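Working notes, beginning with the structure itself.
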Amino acid sequence: MAMMPIFAPLKKIGMSIMTPLKRHKVKALLTSQEFEQSVRVCGWVKTQRTGKKFSFCELNDGSGLHNLQVVVDNALIAPEVLKRAATGAAVCIEGLLVKSQGKEQAVELQAQKLEILGEADGETYPLQKKAHSLEFLREQAHLRSRTNTFGAVFRLRNAVSYAIHHYFYQKGFVYVHTPIITASDTEGAGEMFAVTTLPLDNCPKLEGQVDWKQDFFERPAHLTVSGQLNAELAALGLGEVYTFGPTFRAENSNTTRHLAEFWMVEPEMAFYDLADNMALAEDFLKYLIRWTLDHNRADIDFLQENYEPGLVAKLEGVLASDFIRLDYTEAVSILQESGRQFEYPVQWGSDLQSEHERYLVEQHFGKPVIVINYPKDIKAFYMRLNADEKTVAAMDILFPGIGEIIGGSQREERPDVLLRRLHEMGLPEENYWWYLDTRRYGSAPHAGFGLGLERILMFITGMGNIRDVIPFPRTPGNAEF
RNA sequence: UCCCCCAUAGCUCAGUUGGUUAGAGCGAAUGACUGUUAAUCAUUAGGUCCCUGGUUCGAGCCCAGGUGGGGGAGCCA
């Protein structure tokens with residue numbers, strides 16, 4: 001039998017049984033030309049202005065930045081109902097869509113019916129009809145999606161996420177799901193969150209050590225710090241792949257650029273060298289920025305007006321610029337010859353500090369910079385060793401105001417060199433047998449990189465704190481909501 | 001983890017050399033008025049001055065410790 005009977009009764013459930021009118025989204029109504037039509041619209045009241053004959057409600061349903069102005073003839077809607085449609089209340093309104101008499105908007109809704117779905121007591125509702133600080137809203141993260149700012153930010157987050165999939169899909173990349181729980185450590189360093197079913201207060205012990213054989217995975221397991229190694233496995237078969245998912249770092253980082261839980265995009269491509277990798281990364285970043293300018297301009301304009309003057313020009317500037325390719329060794333020379341007094345000394349072999357990166361990007365070049373060929377000792381074991389035997393084919397893309405937005409490399413595909421590097425780093429070979437296998441059998445040159453979703457979002461939104469571009473941020477000591 | 005700064009009304013903040021009854025703007029409630037635009041005007045309510053201890057005749061203010069928040073650094077995406 002067909003499954004149709006299951007759906008038939010569903011149609012009669014909910015509000016649709018109360019009214020034959022179709023529910024419209026605010027965003028669609030604001031550009032609608034179909035005047036004198038009866039419509040139904042649901043949303044949250046942003047503000048209300050009451051008068052003797054007419055009252056005005058501004059309604060927002062999250063579909064866009066702009067509100068729908070609802071005009072209420074006080075003779076049609078009972079005053080006690082109108083009073084309950086205060087700031088923060090969820091309401092459903094039926095009325096006539098008309099050309100607005102006011103100057104601030106093209107259309108408005110003349111209310112005929114107003115139903116209160118959920119009240120918001122003005123005495124206690126935390127979000128007031130006024131500007132709030134980002135710090136305060138962080139403590140009200142459960143409600144901040146209702147604000148203009150976070151509505152704009154989260155719609156942009158959605159747009160960037162969608163654009164990521166769109167970009168790779170149209171290029172023929174395969175989206176692979178890499179594991180969240182892992183027993184390997186991609187970086188060979190970095191604090192990880194443990195995943196265990198063992199009781200912490202009464203761990204089974206064997207000769208004084210934790211008896212991992214009794215744990216769920218029969219070995220220590222962690223939340224992933226990167227999907228890269230798994231993505232490499234997939235790339236050496238599927239060709240061009242990417243993974244996009246949550247990533248976890250248990251570092252005690254208290255900065256505006258770090259989260260304990262964040263989202264990372266990691267493309268991995270067979271038969272790519274470092275130059276191909278850079279070209280892809282640059283094209284990819286520009287695509288994401290172009291996408292948001294094309295699809296979320298109202299949100300970006302709002303953020304420019306309220307948070308970062310010149311935001312649009314900054315984004316368009318990146319689109320118009322060719323990213324600088326800069327050898328690490330050359331970067332060190334530029335810094336040493338800059339005549340600048342840095343807090344940390346610049347010397348070949350040390351990693352570039354924030355102040356060094358900022359100087360290169362913001363002072364010296366004034367555009368995004370890709371620094372390549374770092375000393376091998378400050379980079380991970382899987383990066384391809386260059387012919388000089390001193391540097392690896394790494395690349396860091398540095399953005400103004402953000403710092404490192406992408407980190408990547410050509411991967412070491414030569415089994416003997418990879419094994420040597422593994423040993424030099426003091427990593428246990430047996431933990432990586434499956435990784436090494438891909439070099440033993442049909443190894444091929446390949447490359448990839450990681451983009452922090454929140455980092456690019458900070459750049460696109462102009463938000464200065466990474467906690468304001470993720471709905472529910474996890475940082476040391478903070479896992480509320 | 002290290003360094004610096006902050007904590008006073010629902011929010012943003014002022015508060016004199018330590019001195020009687022702690023203020024403003026915004027928000028809220030109530031009313032007036034108005035096709036309004038974060039409307040306007042009036043009235044009213046609203047405080048464990050973050051917590052604990054100390055100095056002092058007397059602490060919102062000075063000192064110590066704690067808690068919470070912010071900024072910077074390191075680590076990185």
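Everything numeric in this text was worked out from a predicted model, so none of it was measured. A note on names: the letters A, B, ... follow the listed sequences, proteins ahead of strands, and every chain is numbered from 1.
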- Query: Counting only side-chain N and O atoms of A:K53, is one of them less than 4.0 Å from OP1 or OP2 of B:C33?
  - Reply: no
- Task: Using a heavy-atom cut-off of under 4.0 Å over every strand shown, decide if A:I405 touches base, sugar-phosphate, or nothing.
- Result: sugar-phosphate
- Give the rounded distance in Å between these two atoms: CD of A:E191 and P of B:G74. 18 Å
- Below 4.0 Å: OP1/OP2 of B:G69 and any side-chain N or O of A:R467: no
- Message: Is A:F262 stacked against the base of B:A77, taking the criterion as centroid distance under 5.5 angstrom and interplanar angle under 30°?
- Response: yes
- Query: Checking all strands, does A:Q105 fall into the base, sugar-phosphate, or nothing category for heavy-atom contacts under 4.0 angstrom?
  - Reply: base
- Under a 4.0 Å heavy-atom criterion, the protein footprint on nucleotides 6-13 of chain B, written with B, S and -, is ----BBS-
- Item | B:U12 and B:C57, which share atom name C1', separated by this distance in whole Å | 37 Å
- 5'-most contact on RNA chain B (nearest-nucleotide basis), A:N478 vs A:E343, goes to A:N478
Please tabulate the protein-to-nucleotide N/O contacts below 3.5 Å involving nucleotides 40-43 of chain B, giving atom names and distances.
none

- Task: Indicate, with a heavy-atom threshold strictly under 4.0 Å, whether A:R138 touches base, sugar-phosphate, or nothing.
- Result: sugar-phosphate
- Query: Counting any heavy atom closer than 4.0 Å, what does A:N465 reach on the DNA or RNA strands: base, sugar-phosphate only, or nothing?
  - Reply: sugar-phosphate
- Message: Can you tell me whether the side chain of A:Q69 and the base of B:U36 have a donor-acceptor pair closer than 3.5 Å?
- Response: yes
- Using a heavy-atom cut-off of under 4.0 Å over every strand shown, decide if A:E261 touches base, sugar-phosphate, or nothing. nothing
- Item | Sidechain N-carboxylate O distance under 4.0 Å for A:D273, A:R384 | no
- Message: When you measure only distances, ignoring hydrogens and angles, does the side chain of A:S253 come within 3.5 Å of the base of B:C75 through a donor and an acceptor?
- Response: yes
- How is A:V265 classified with respect to the nucleic acid when contacts are heavy atoms under 4.0 Å: base, sugar-phosphate, or nothing? nothing
- Query: At under 4.0 Å between heavy atoms, what does A:L259 touch on the DNA or RNA strands: base, sugar-phosphate, or nothing?
  - Reply: base
- Query: According to a strict under-4.0 Å criterion, is A:R249 in side-chain N/O contact with OP1 or OP2 of B:C76?
  - Reply: no
